[in-house]
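Take a look at the structure set out below.
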Amino acid sequence: MELVTLRDILPKAKKEYYAVGAFNFNGYEDAEGIQMGAERAASPVILMASQGACQYIGLYETVGIVKGIAKHSKVPVCLHLDHATDCDFIKEAVKAGFSSVMVDASAKEYETNIRESKAVVDFARDYNCSVEAELGKVGGKEDNIVVEDRSATFTVPADVPRYVDETGIDALAIAFGSVHGFYKSEPKLDFDRLAAVLKLTDCPIVLHGGTGIPIADIQRCIGMGLAKVNVGTELKAAFSNTLRKMCKELPAEEFDPRKFLKPVKEAVSLIVKEKLEAFGSAGKAADKA
Ligand code: 13P
């Protein structure tokens with residue numbers, strides 16, 4: 001199967017009140033684990049690589065891994081660049097074969113955010129690549145981007161319609177109480193703010209910082225019309241904890257990397273399957289718009 005874009009999967013999800021899970025990966029093992037989980041749930045899936053992950057894996061290698069995975073996949077797979085702040089890097093990723101990118105100009109003021117996000121949309125269109133952008137600032141640490149909690153700012157609903165119209169984006173990340181990484185205290189989502197945004201735009205809305213938010217809260221957002229949920233840290237923790245466990249359990253004379261890494265793939269796959277079931281996208285693999 002060819003890679004799909006956000007345009008292929010999110011409008012349908014929004015209309016039918018389920019969300020597509022988007023999962024961060026940092027190498028082949030977790031990428032494959034994510035796809036296995038999606039296939040087990042018969043769900044479309046978004047594999048996300050941050051700018052830092054692409055630099056770690058190699059840009060063309062990242063595309064190669066996911067195109068290879070998609071080729072034999074029974075479910076639609078989207079390859080999405082997560083939280084990219086460097087427009088030259090975004091262009092390189094689009095040219096390299098990403099089917100979707102996120103331009104994160106959320107730290108800039110409103111007009112600059114519109115201008116930079118629109119420039120990415122204009123460029124990506126020629127490559128049939130979808131674009132997500134962010135308005136308001138999600139707090140926490142995502143890869144090399146750190147937003148101190150005190151400088152995180154919630155999205156102002158009234159800012160959304162003009163932002164969506166002028167940029168032409170395919171999905172919008174908003175800030176309404178979630179943070180990237182593990183929560184230091186109980187997360188409190190501002191459901192009224194989400195409702196106000198959903199009333200003002202048809203653009204699919206994205207929740208960042210899916211790790212640690214009670215599943216009932218995420219489901220409440222999805223029931224209101226949220227269409228994409230990002231999960232990263234939880235998979236990183238499952239990866240590392242499983243690897244640590246295998247290092248302890250396997251005998252010292254074991255040196256086959258596959259013995260260490262197959263359980264890692266399984267652990268990642270299990271979480272992804274559970275999430276996709278909870279997000280309501282299980283069984284929706286055939287639902288490409
Ligand atoms: P978490 O790491 O908190 O799950 O957030 C992931 C994310 O939003 C990636 O953009």
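What you are looking at is a predicted structure, and each value in this text was computed from that prediction instead of being measured. Start at 1 and go down the list; that is how both ligands and their atoms are numbered.
Between Thr211 and ligand 1, a contact under 3.5 Å exists for at least one N or O pair. Residue contacts with ligand 1: Glu234 is placed with no nitrogen or oxygen under 3.5 Å of a nitrogen or oxygen of the ligand (distance criterion only). Remark: ligand 1 and Gly209 share an N or O pair separated by less than 3.5 Å (distance only, no angle test). Between Val231 and ligand 1, no N or O atom pair is found at a separation short of 3.5 Å.
Closest heavy-atom contact between Arg40 and Ser269: NH1-OG, 2.7 Å. The minimum heavy-atom distance linking Tyr110 with Tyr163 is given by the pair OH-N, 3.4 Å.
By the neighbour-count criterion of 12 heavy atoms within 6.0 Å, atom CD of Glu2 is sparsely surrounded, having that number or fewer from other residues, nucleotides or ligands.
Of all atoms in ligand 1, numbered sequentially from 1 with element shown, those under 4.0 Å from a heavy atom of Thr233 are 1 (P), 2 (O), 3 (O), 4 (O). For ligand 1 and His83, the ligand atoms under 4.0 Å from any heavy atom of the residue are 10 (O). Heavy-atom proximity to His208, at under 4.0 Å, picks out these atoms of ligand 1: 8 (O), 10 (O).
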field: Verdict with reasoning, Asp170 to Arg125, per salt bridge (charged side-chain N to carboxylate O under 4.0 Å, His left out)
entry: CA-CA 11 Å; Asp170 305 294; Arg125 281 289 171 264; 3.4 Å; yes
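Ligand 1 has at least one atom lying under 4.0 Å from a heavy atom of Val179.
When the options Ile90, Thr167, Asn113 are evaluated for a side chain to side chain contact (heavy atoms under 4.5 Å, CB included) with Val103, the one that passes is Ile90.
In this structure, His208 and His83 have perpendicular ring planes: the angle between them is above 60°, well past the 30° mark.
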